[in-house]
Amino acid sequence: MAAASPAERTVIENCAIATVDASDTEYARGHVVIAGHLIESVGAGRAPEGMENVVRRIDAAGHLATPGLVNTHHHFYQWLTRGLAADHNLFDWLVALYPTWARIDEPMAYAAAQGSLAMMARGGVTTAMDHHYVFPRGSGDLSGAIVRAARDMGVRFTLARGSMDRGASDGGLPPDFAVESLDDALAATEATVREHHDTSFGAMTQVAVAPCSPFSVSTELMRHGAELARRLGVRLHTHGSETVEEEKFCHELFGMGPTDYFESTGWLGEDVWMAHCVHMNDSDIAAFARTGTGVAHCPSSNARLAAGIARVPDLLAAGVPVGLGVDGTASNESGELHTELRNALLINRLGAHREAALTARKALRLGTYGGAQVLGRAAETGSLEAGKLADLVLWRMDTLAHSSIADPVAALVLGAAAPVTASFVNGRRIVEDGRLLTVDEDAIARSTRAEAERLARIAGQG
C-alpha cells in the first residue's frame, strides 16, 4: 500500500496573534502553520525552517490572527424581510411579520440562507448556525435548501431544526397554516437529523432539535423534542427569557417562569443552549450554571426589539457558557457577527456593572471560544491551538481605521469593522481581501432582492 501523501501546508507569519486559548496566549509577532484541515503549530516569531510541502506562504504583517467567529443564533429566512416593523417590540414585531414569513418556499429559503451566510462569512464567521422553525405546508425541502447553501458557501454549520405547533387558534402567535402538528414536527425533525447530522471530528454539518419558543410550542412538543434529541445524541436549542411579555405569558399559562418551565420539560443541561436569556433572576442564572445550559447573547437584536440588557457579566461569573448571535436579520439588519463583539461590550457597560462589565478580550472570547463551547464544538474550534481545526481569520489592522490603536485586540473589538484579508475554514481559504471565493456575492445580492420582492408580492396577495 502506498504511503499517504503529506498534508499541504500553509504558513502565516509576521502577524499579531490572539489564540483565545485557556491562558489567553497572545503573540505580538508570530506564526500559524496549517497542515491540511488542521492547525499544526502556533507560536512566536517565524515558523520553523525546513518544513515540507509548503504550498503557500502569507506575510501577514499588519494583521491580527484570531480564531474564526462562531455564530450561535440566527434565522436566515429573515434576510428577505429586513427593515420592516422597525419600531415594534418582540410580540408586535412577530404579529406583524408572521403572515409574511408563513409564505416562504424552498427557493426563498435558499436565497435567504445564501445572503445571511455570505454577510457573515465575509466578516470573519467560520462556524454558522440557523434556527429555522417556519415550515408552511407545501413549501418544499427548506432544511435541505439551507444545508445546501452552507455547503456551497464552505462554512461549518449547525442547523437547528425548529418547529411550532401552537398556532393562532391555540393562543399562539403564528398563523395556523404555518405550524406543524406535534407528530409531523417530531417526525420531520428526526428525518432531518438522520439525513444531515455528522458526528465525526471536523464535521461540516450538524443538526440540533429546536422547538421555537414557549409561546409558539406546546408543552408536549417541548418534552418530546428533548427526548428525541437525547435519543439521537444531538443538541437542543430554543428561545428563552427574551422579554417581560414572555415572562408574563409563562406565568399565566404554566404557573411558573421560563427557567422553571424549561426545567420541568427537560430543557436544562449541558446539551442545551438558549437564545437571548435577557430577563433572568439570580436563581435562573444559578440553574443554568448548575446544569451547564448555554446562552446565545444577541445584543443588537435585543436593542432593536427593546428587549433589554442580558446579564452577561453575571452569567459568565457563574460559569454559564455564553456565545454571541446575530439573530435574524429582520431584527439585526446588518447580519454581521463581528459588529456584535463591539455591541456586546458597549451595551453590557450600560448595565449594572458599568465599565467592569466586559473587556475587549472577553468580548472576543464570546465570539470565538464561547460560541464553540455553546455549540458543543470547543474541542475542535474556537481557539488557535495545535490539533484544532484550521478555522481562522486574518484581520487587517494597518489601515486608517485601526493603525493608531496599539492594542490589536482593542482595535478589532472597539474600532470600526476590520477588513478581512483571509478567512480559512478547514484549512480552505473562503475569503480573500474582503471578497468571498466560494460564491458570487453580486449574484446573491440580485437573487435575494428578487426573492424578497416575490415574497412581498405573495404576502400582499394572501
Side-chain angles (χ1 to χ4, degrees), residues 3-71 121 124-128 154-158 198-204 206 321 323 361-362 364-395 397 408-409 412 420-431:
S5 58
E8 293 184 343
R9 288 186 170 94
T10 295
V11 177
I12 303 169
E13 294 180 303
N14 300 322
C15 54
I17 301 173
T19 68
V20 200
D21 65 8
S23 301
D24 272 330
T25 305
E26 296 183 13
Y27 303 102
R29 192 177 188 87
H31 68 271
V32 181
V33 178
I34 298 171
H37 69 293
L38 299 176
I39 297 171
E40 184 174 59
S41 65
V42 183
R46 298 183 64 83
E49 298 291 338
M51 287 185 297
E52 297 180 353
N53 214 24
V54 175
V55 297
R56 177 170 43 192
R57 286 186 178 273
I58 299 175
D59 182 353
H63 288 75
L64 170 67
T66 73
L69 301 183
V70 179
N71 181 42
V125 169
T126 56
T127 298
V155 300
R156 207 173 301 285
F157 181 58
T158 294
D198 183 354
T199 61
S200 63
F201 182 90
M204 291 300 291
Q206 294 194 332
R361 281 162 178 80
K362 284 183 179 179
L364 178 60
R365 179 171 288 274
L366 291 178
T368 53
Y369 185 85
Q373 189 180 18
V374 161
L375 295 183
R377 308 205 65 173
E380 301 168 274
T381 190
S383 60
L384 301 183
E385 301 179 73
K388 283 199 167 184
L389 299 169
D391 297 356
L392 65 144
V393 180
L394 288 177
W395 309 89
M397 292 293 162
V409 175
L412 176 66
V420 174
T421 293
S423 183
F424 295 85
V425 180
N426 243 25
R428 176 193 185 193
R429 191 165 180 171
I430 66 167
V431 176

(message) List the residues meeting side chain to side chain donor-acceptor pair (under 3.5 Å) with Arg156, not counting sequence neighbours, and say none if there are none.
(response) Asp391, Asn426
(message) Contact between Val11 and Ile58 at the side-chain level, heavy atoms closer than 4.5 Å - yes or no?
(response) no
(request) Would you indicate whether the side-chain heavy atoms of Leu375 and Thr381 approach each other to under 4.5 Å? (result) no
(message) Show every salt bridge (Lys or Arg N to Asp or Glu O under 4.0 Å) that has at least one partner inside residues 14-29, sequence neighbours left out.
(response) Asp24-Arg365, Glu26-Arg361
(request) Would you sort out whether Ser423 and Val393 count as a side chain to side chain contact (heavy atoms under 4.5 Å, CB included), showing the intermediate values? (result) CA-CA 4 Å; Ser423 183; Val393 180; 3.8 Å; yes
(request) Using atom types as modelled and distance alone, determine if a side-chain donor or acceptor of Asn53 lies under 3.5 Å from a backbone N or O of Arg9. (result) no
(message) Using 0.5 Å steps for rounding, measure from the CZ atom of Arg56 to the CZ atom of Arg429.
(response) 6.5 Å
(request) Can you see which heavy atom on Ile12 is nearest to which on Ala60, and at what distance? (result) CG2-CB, 3.8 Å
(request) Grab the two heavy atoms, one from Met51 and one from Pro48, that are nearest each other, plus how far apart they are. (result) CE-O, 3.5 Å
(request) Kindly give the heavy-atom pair with the smallest separation between Ser383 and Glu385, and that separation in Å. (result) OG-OE2, 2.5 Å
(request) To the nearest 0.5 angstrom, please state how far the CG atom of Leu384 sits from the OG atom of Ser41. (result) 11.5 Å
(message) Side chains of Leu69 and Thr368, heavy atoms from C-beta outward: is any pair under 4.5 Å?
(response) yes
(request) Mind checking ring-ring contact (aromatic ring centres under 6.0 Å, His included) for Tyr369 and listing every partner two or more places apart, or none if nothing turns up? (result) none
(message) If I take atom OG1 from residue Thr126 and atom CD1 from residue Ile430, how far apart are they, to the nearest 0.5 angstrom?
(response) 7.5 Å
(message) Measuring only between side-chain heavy atoms, which start at C-beta, is Thr421 closer than 4.5 Å to Trp395?
(response) no
(message) For Glu380 versus Gly202, what's the shortest heavy-atom pair and its separation?
(response) OE2-N, 2.6 Å
(request) Could you grab the distance from atom OG1 of Thr10 to atom CD of Glu40, nearest 0.5 Å is fine? (result) 11.0 Å
(message) Measuring from atom CG of Asp198 to atom CE of Met204, what distance do you get when rounded to the nearest 0.5 angstrom?
(response) 10.0 Å
(message) Please find the pair of heavy atoms, one from Ala372 and one from Gly382, that lie closest to each other, and give the distance.
(response) CB-CA, 3.9 Å
(request) Say whether, by atom type as modelled, one donor and one acceptor occur between the side chain of Glu13 and the main chain of Arg46 under 3.5 angstrom. (result) no
(message) Looking at every heavy atom in both Ile39 and Val32, which two are closest together, and how far apart are they?
(response) CG2-CG1, 4.2 Å
(request) To the nearest 0.5 angstrom, please state how far the CG atom of Leu394 sits from the CG atom of Leu64. (result) 8.5 Å
